[in-house]
Amino acid sequence: MIKFDFKKYQYSKLENYNLEEIVEQFKKDNKMAGWYDLDTSCVSEIKKTAQHIRENCDTFIVIGIGGSYLGAKAVIDALTPYFEKNKPEVIFAGYQLSSDYLANLLDYIKDRNVMINVISKSGTTLEPAISFEILLKFMEEKYGKDVVNRIFVTTDANSGTLLDLALQRGFKRFVVPDNIGGRFSVLTPVGLLPIAVAGYDIEALFQGASKAKDDKEYFYYTMLRHTLYEKNKFVESFNVYESKLDSFAEWLKQLFGESQGKEGKGILPISTVNTQDLHSLGQYFQEGKDILFSTTIFASAKCNIELENYHHTLNEVNFLAMQSVAEAHYNGHVPTSIITLDSISEENIGYLIFFFEMSAMLGSYLLDINYYDQPGVNGYKDILHKKIKE
Ligand code: PA5
């Protein structure tokens with residue numbers, strides 16, 4: 001169960017936003033609206049493959065960057081108990097260019113039983129391409145012909161270098177649907193295969209997402225963000241009070257940053273993991289420049305610890321800290337909306353995925369920008385490719 005406190009705000013322009021109409025418009029005119037359908041047709045094949053992978057390796061490497069890995073990482077990290085490794089262990093690669101990371105990874109997996117899922121919609125992105133090239137070579141040396149049974153490719157159905165390679169080598173393929181962009185792809189094979197391999201219930205993710213679709217709470221959140229933006233609140237901090245939700249906040253940063261940060265518009269998404277960041281960024285929130293607002297996700301802990309000397313459980317103290325921070329920051333001109341989860345479960349995470357995806361899309365329509373492209377990302381890519389050639 002998830003509770004929102006958005007409705008307590010008064011939206012003077014509520015009826016003027018026409019968000020229901022925007023949804024209709026988006027469904028009609030948008031070629032990239034596939035994620036809205038919550039298509040479950042791939043689920044049984046994903047579950048079958050995931051089961052095979054779970055039974056036949058101890059290390060599953062997921063290669064991808066941006067929308068091709070952040071969603072899966074967000075869900076897996078949120079659901080995995082602290083200090084526990086999934087079986088098989090899921091390791092992410094290809095999301096940066098660190099030689100040390102890749103070299104240490106090769107060393108770490110040399111005596112392990114490895115399978116790989118390489119994910120790239122375009123099939124041409126530099127970071128995953130480099131990691132895959134190196135890891136494929138490692139796999140060929142280690143497994144010879146059996147490599148064909150150990151590589152799973154998730155890419156476009158019709159084009160790209162990765163597709164060509166998969167077809168040529170006979171690797172098992174999953175398709176990133178044409179009408180779904182990277183950062184909206186967690187509930188497609190992009191996110192679902194790694195999540196299922198990690199042992200989590202992907203059908204429950206869809207159940208939560210469908211509930212979010214029906215509840216339409218995203219309308220309130222969208223309006224709240226937009227109203228604050230119009231009042232010159234240009235930075236939104238996503239605050240979590242469980243550090244295993246840190247990756248979920250990273251996914252949110254990408255979802256909103258890439259969807260809305262364009263044409264000189266958009267709210268800059270940042271994140272804090274509390275209470276640790278109260279002792280660093282907290283100072284700025286309380287007394288810094290007046291440009292911030294907060295969205296807090298508080299999830300009740302599964303385990304509880306009695307604190308005799310404090311007359312509360314540890315979870316209660318964490319909740320009181322969250323409330324105190326919201327109150328203090330409000331006094332420092334940083335309003336906070338609070339989303340409360342009764343637990344971190346597949347259903348609740350699925351709910352939040354759809355809830356935030358809708359808000360990112362609707363907010364972009366309100367800003368009159370294209371939510372599914374990211375032309376600015378090419379800025380660094382073009383210069384880098386030129387430098388590499390030189
Ligand atoms: O959200 C997006 O579309 C991007 O972040 C992409 O996911 C990212 O650039 C990776 O692209 P690709 O999957 O083509 O390698």
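The structure displayed is predicted, hence computed values, not measured ones.
With a 6.0 Å cutoff to the six-membered ring centre and a 45° limit on the axis angle, K27 does not count as a cation-pi contact of Y36. Geometric assessment of K172 against the ring of F174 yields a positive cation-pi assignment under the 6.0 Å and 45° thresholds. Remark: R150 qualifies as a cation-pi partner of Y143 under the 6.0 Å distance and 45° angle criteria applied to the six-membered ring.
Here the straight-line distance linking atom CG of L19 with atom CE of M223 works out to 5.5 Å at 0.5 Å rounding. Within the model, atoms CG of D277 and NE2 of H279 stand 9.5 Å from one another, a figure rounded to the nearest 0.5 Å.
Between Y241 and F298, the ring planes are tilted. Angles from 30° to 60° get that label.
Between K233 and D290 a salt bridge is recorded (basic side-chain N to carboxylate O distance below 4.0 Å). Taking the charged nitrogens against the carboxylate oxygens, E357 and R183 have no contact shorter than 4.0 Å, which rules out a salt bridge. In this structure, E250 pairs ionically with K253, as a charged nitrogen and a carboxylate oxygen lie closer than 4.0 Å. By the 4.0 Å N-to-carboxylate-O rule, D373 lies close enough to K262 to be salt-bridged with it.
L245 and V317 fall into different hydrophobic clusters, where Ile, Leu, Val, Met, Phe, Trp and Tyr residues are linked whenever their side-chain heavy atoms come under 4.5 Å apart, directly or through other members. If you chain together hydrophobic residues whose side chains sit under 4.5 Å apart, F92 and L126 never meet in one group. Two different hydrophobic clusters hold I388 and I65 under the rule that ILVMFWY side chains link at heavy-atom gaps under 4.5 Å.
Taking 4.5 Å as the limit, every side-chain heavy atom of I180 sits out of range of all side-chain heavy atoms of Y372. Contact check for E346 versus L79: side-chain heavy atoms found under the 4.5 Å cut-off. A 4.5 Å side-chain heavy-atom check between I76 and N86 finds at least one atom pair inside the cut-off. Side chains of K386 and D382 form no contact here, defined as non-hydrogen atoms less than 4.5 Å apart. The shortest distance between side-chain heavy atoms of K73 and L70 does not fall below 4.5 Å. Between R225 and Y220 the shortest side-chain heavy-atom distance does not fall below 4.5 Å. Y351 has its side chain out of reach of Q207: every pair of non-hydrogen atoms, C-beta onward, lies at least 4.5 Å apart. Using a 4.5 Å cut-off on side-chain heavy atoms (C-beta onward), F132 and L162 make contact.
Under the 6.0 Å cut-off for aromatic ring centres, F4 and Y221 do not qualify, their centroids lying 6.0 Å or more apart. Aromatic rings of Y95 and Y101 (six-membered ring for Trp) have centroids within the 6.0 Å cut-off, being under it. A centroid separation of less than 6.0 Å is found between the aromatic rings of F234 and Y229. Separation of the F356 and W35 ring centroids does not fall under the 6.0 Å cut-off.
Within 6.0 Å of NZ on K47 lie no more than 12 heavy atoms contributed by other residues, nucleotides or ligands. Heavy-atom neighbours of H333 NE2 from other residues, nucleotides or ligands within 6.0 Å: at or below the threshold of 12. The 12-atom threshold is not exceeded at NZ of K48, counting heavy atoms of other residues, nucleotides or ligands nearer than 6.0 Å.
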Q) So I151 and V147, side-chain contact (heavy atoms from CB on, under 4.5 Å) or not? Walk me through it. A) CA-CA 7 Å; I151 308 276; V147 79; 4.1 Å; yes
Q) How far apart are the C-alpha atoms of E287 and Q283, what are their side-chain angles, what is the distance that settles it, and do they pass the side chain to side chain donor-acceptor pair (under 3.5 Å) test? A) CA-CA 6 Å; E287 297 180 350; Q283 172 59 38; 2.9 Å; yes
Q: Would you sort out whether F256 and F238 count as a ring pair (Phe, Tyr, Trp, His ring centres under 6.0 Å), showing the intermediate values?
A: CA-CA 11 Å; F256 286 99; F238 293 103; 5.6 Å; yes
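Side-chain contact, N315 with T313: no donor N or O sits under 3.5 Å from an acceptor N or O.
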